[in-house]
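Below is one structure, written out as structure tokens, with a few remarks after it.
The figures that follow rest on heavy atoms only: side chains count, while hydrogens, waters and symmetry mates do not.
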Amino acid sequence: MKIAILAGDGIGPEIITQAVRVLEALKSDGLKFELEPGLLGGCAVDAAGEPFPEATRRLVAEADAAILGAVGGPRYDVLPRQLRPEQGLLGIRKMLGLFANLRPAVLYPELANASTLKPEIVAGLDILIVRELTGDIYFGEPRGIELRDGQRVGFNTMIYSEAEISRIAHVAFRAARKRKRKLCSVDKMNVLECTQLWRDVVVETAKDYPEVELSHMLVDNAAMQLVRNPGQFDVMVTGNMFGDILSDEASMLTGSIGMLPSASLDDKNKGLYEPIHGSAPDIAGKDVANPLATILSAAMMLRYTFDQEAAAGRIENAVKRVLAQGYRTQDIYEPGMKKVGTAEMGDAVLANI
Ligand code: NAD
């Protein structure tokens, strides 16, 4: 298993170091990794003059998976757009054809107070949102702003082919099969033809997965149900725009940005794994960042790219135990808990592995 390690900028190197320690510890289980570092984002601009240099392209092309800290920082915001760190991230997604974005929103019981919702509403929350990442209204043509009858008109095209819908539906059904076998497909078929096709194709795809219980929900209702009764969901699948909005909503139900991993996969389950948060320049270099989202991203990598369910579970259980033992970085700290830094949190996870 060849894994590209892309630390990136800001807190990236600190949090990636802890994820690498955890992966190294699993080698004693007989898992064979080759971990190879590469430059992406602002650090790549500094070292090689561009955010996604040729050496990194080669590395991620050859690797089975890549794990990223985060990219970006105020220092780079003044650069021309093509040299900004975010272009490295867009470049890697495009080059690898990462069309499936998996965002779990899990509420650990010990962190129930971090949510802005009442603890009884979010108790036991464990949702996986599967968002299509390369199609929909964000990429559809024609698009633009033009003059019509003397006034400006803005327009975009919401478009999905059945091939695009079925491949993301397969990802979602397979993910549901590894969980509670419940899939909710979100669309707006009452007004949008594009999403009528979405619903039709999801229903057709369901025939391959008789063991998964499929339901459908309109996106406006889904947005409401996520805050009313999020416990009803297991896996949700939706298009790029609806998924963009719903995945942010779902992740914030847990209240702790430093805890949430993500995966972006291609059609062969090759993937880029990263925490959902950014490079947090305000706390970079201070050994206070929460490394758990990155460590949990490594667990997702083992599950989705390498099909190593047991190893993924070992990491996730270690994180649960660390929280139960009271270890907290400052972002999730409450009085009475043991406040630790980034490296100490890594130590605690390792001790529990
Ligand atoms: P951010 O997610 O970096 O930070 C938001 C807040 O959350 C900050 O107060 C930060 O200190 C805190 N935070 C984030 N991660 C944390 C962690 N692991 N532990 C503890 N606290 C944490 O978002 P931002 O401030 O809007 O963006 C900062 C930079 O990150 C920008 O340059 C932005 O473009 C970039 N960014 C990158 C990605 C990515 O690489 N995928 C995603 C989002 C933002």
- Item | Exercise: identify the closest heavy-atom pair between V202 and A169 | CG2-CB, 4.3 Å

- May I have the step-by-step check of salt bridge (Lys or Arg N to Asp or Glu O under 4.0 Å) for K2 and D64, ending in yes or no? CA-CA 5 Å; K2 184 164 178 175; D64 301 298; over 6 Å; no

- Residues N229 and Q225: side-chain donor-acceptor under 3.5 angstrom: no

- Quick one: list whatever passes side-chain hydrogen bond (donor to acceptor under 3.5 Å, both in side chains) with E86, sequence neighbours left out. none

- Kindly write out the residues that satisfy side-chain hydrogen bond (donor to acceptor under 3.5 Å, both in side chains) with K270, not counting sequence neighbours, or none if the list is empty. none

- Task: Identify whether the distance between the nearest side-chain nitrogen and carboxylate oxygen of R152 and E146 falls below 4.0 Å.
- Result: no

- State the NE2-OG1 distance between H277 and T294, to the nearest 0.5 angstrom. 4.5 Å

Hey, can you pull the donor-acceptor pairs under 3.5 Å for the side chains in residues 45-52, sequence neighbours left out?
residue, atom, partner, partner atom, Å
D46, OD2, R75, NH2, 2.8
D46, OD2, Y76, OH, 2.6

- From L35 atom CG to M1 atom CE, the distance as rounded to the nearest 0.5 Å: 10.5 Å

- Item | Donor-acceptor contact below 3.5 Å, side chain S262 vs main chain E274 | yes

- Straight-line distance of I3 CD1 to T305 OG1, nearest 0.5 Å: 8.5 Å

- Query: More than 12 foreign heavy atoms under 6.0 Å from CD1 of I245: is that the case here?
  - Reply: yes

- Query: Can you name the closest pair of heavy atoms from L31 and A311 and give their distance?
  - Reply: CD1-CB, 3.6 Å

- SB check D267 R167 (cutoff 4.0 Å): no

- Message: Going by the rule ring-ring contact (aromatic ring centres under 6.0 Å, His included), which residues pair with H170 if we only count those two or more places apart in sequence or in a different chain?
- Response: Y209

- Query: Quick one: do F233 and V106 end up in the same hydrophobic cluster if we chain Ile, Leu, Val, Met, Phe, Trp and Tyr together by side-chain heavy atoms under 4.5 Å apart?
  - Reply: no

- Message: Taking atom CG as the centre, does L147 end up with more than 12 heavy-atom neighbours from other residues, nucleotides or ligands that are less than 6.0 angstrom away?
- Response: yes

- Query: Which heavy atom in D9 sits nearest to a heavy atom in G42, and how many Å separate them?
  - Reply: OD2-N, 2.7 Å

- Query: Are any of the side-chain nitrogens in E344 or R328 under 4.0 Å away from the carboxylate oxygens of its partner?
  - Reply: no

- Query: Between E213 and K182, is the closest basic N to carboxylate O distance under 4.0 Å?
  - Reply: no

- Listed partners of D149 passing side-chain contact (heavy atoms from CB on, under 4.5 Å), at least two apart: none

- Counting only N and O atoms by type, is there a donor-acceptor contact under 3.5 Å from the side chain of D136 to the main-chain atoms of Y138? no

Distance-only donor-acceptor pairs under 3.5 Å for side chains of residues 246-253, two or more places apart:
residue, atom, partner, partner atom, Å
S247, OG, G243, O, 2.7
S247, OG, D244, O, 3.4
D248, OD1, R103, NH2, 2.9
S251, OG, R103, NH2, 3.4
S251, OG, S247, O, 3.2
S251, OG, D248, O, 3.0

- Message: Is there a side chain to side chain donor-acceptor pair (under 3.5 Å) between S264 and Y273? Walk through the geometry before answering.
- Response: CA-CA 6 Å; S264 302; Y273 296 83; over 6 Å; no

- Task: List for me each residue that meets side-chain contact (heavy atoms from CB on, under 4.5 Å) alongside E54, sequence neighbours excluded, and say none if there are none.
- Result: R57, R58

- Message: Between E36 (side chain only) and G38 (backbone N and O only), is there a donor and an acceptor less than 3.5 Å apart?
- Response: no

- Note on the structure: When every non-hydrogen atom of A4 is compared with those of A63, the smallest separation belongs to N-CB, 3.9 Å

- Among pairs that include at least one residue of residues 107-120, which meet side-chain hydrogen bond (donor to acceptor under 3.5 Å, both in side chains), considering only residues two or more places apart or in two chains? N113-E334

- Note on the structure: side-chain contact (heavy atoms from CB on, under 4.5 Å) filter on A289, not counting sequence neighbours, yields I11, I15, I283, T342

- Message: As an exercise, state the distance from CG of D187 to NE2 of H216, rounded to the nearest 0.5 Å.
- Response: 7.5 Å

Please output the side-chain donor-acceptor pairs of residues 345-353 that fall under 3.5 Å, not counting sequence neighbours, one pair per line with the distance.
residue, atom, partner, partner atom, Å
D347, OD1, R21, NH1, 3.0
D347, OD1, R21, NH2, 2.6
N352, OD1, R321, NE, 3.4
N352, OD1, Q325, NE2, 2.8
N352, ND2, Q325, OE1, 3.0
N352, ND2, A348, O, 2.9

- Output yes when E211 and R174 qualify as a salt bridge under the 4.0 Å nitrogen-oxygen rule, no when they do not. no

- Task: Report the C-alpha separation of I315 and I295 in whole Å, then their side-chain angles, then the decisive distance to 0.1 Å, and conclude whether the side-chain contact (heavy atoms from CB on, under 4.5 Å) test is met.
- Result: CA-CA 8 Å; I315 296 178; I295 290 172; 3.6 Å; yes

- Message: Using the rule ring pair (Phe, Tyr, Trp, His ring centres under 6.0 Å), only one of F99, W198, F139 pairs with Y160; which is it?
- Response: W198

- Output every pair passing salt bridge (charged side-chain N to carboxylate O under 4.0 Å, His left out) with a member in residues 225-235, not counting sequence neighbours, ordered by first then second residue. R179-D234

- Query: Quick one: side-chain hydrogen bond (donor to acceptor under 3.5 Å, both in side chains) partners of D307, sequence neighbours excluded?
  - Reply: K178

- Query: What is the distance from atom NZ of K32 to atom CG of L26, rounded to the nearest 0.5 Å?
  - Reply: 13.5 Å

- Message: Would a single hydrophobic cluster contain both L265 and M300, if residues Ile, Leu, Val, Met, Phe, Trp and Tyr are joined by side-chain heavy-atom contacts under 4.5 Å?
- Response: yes

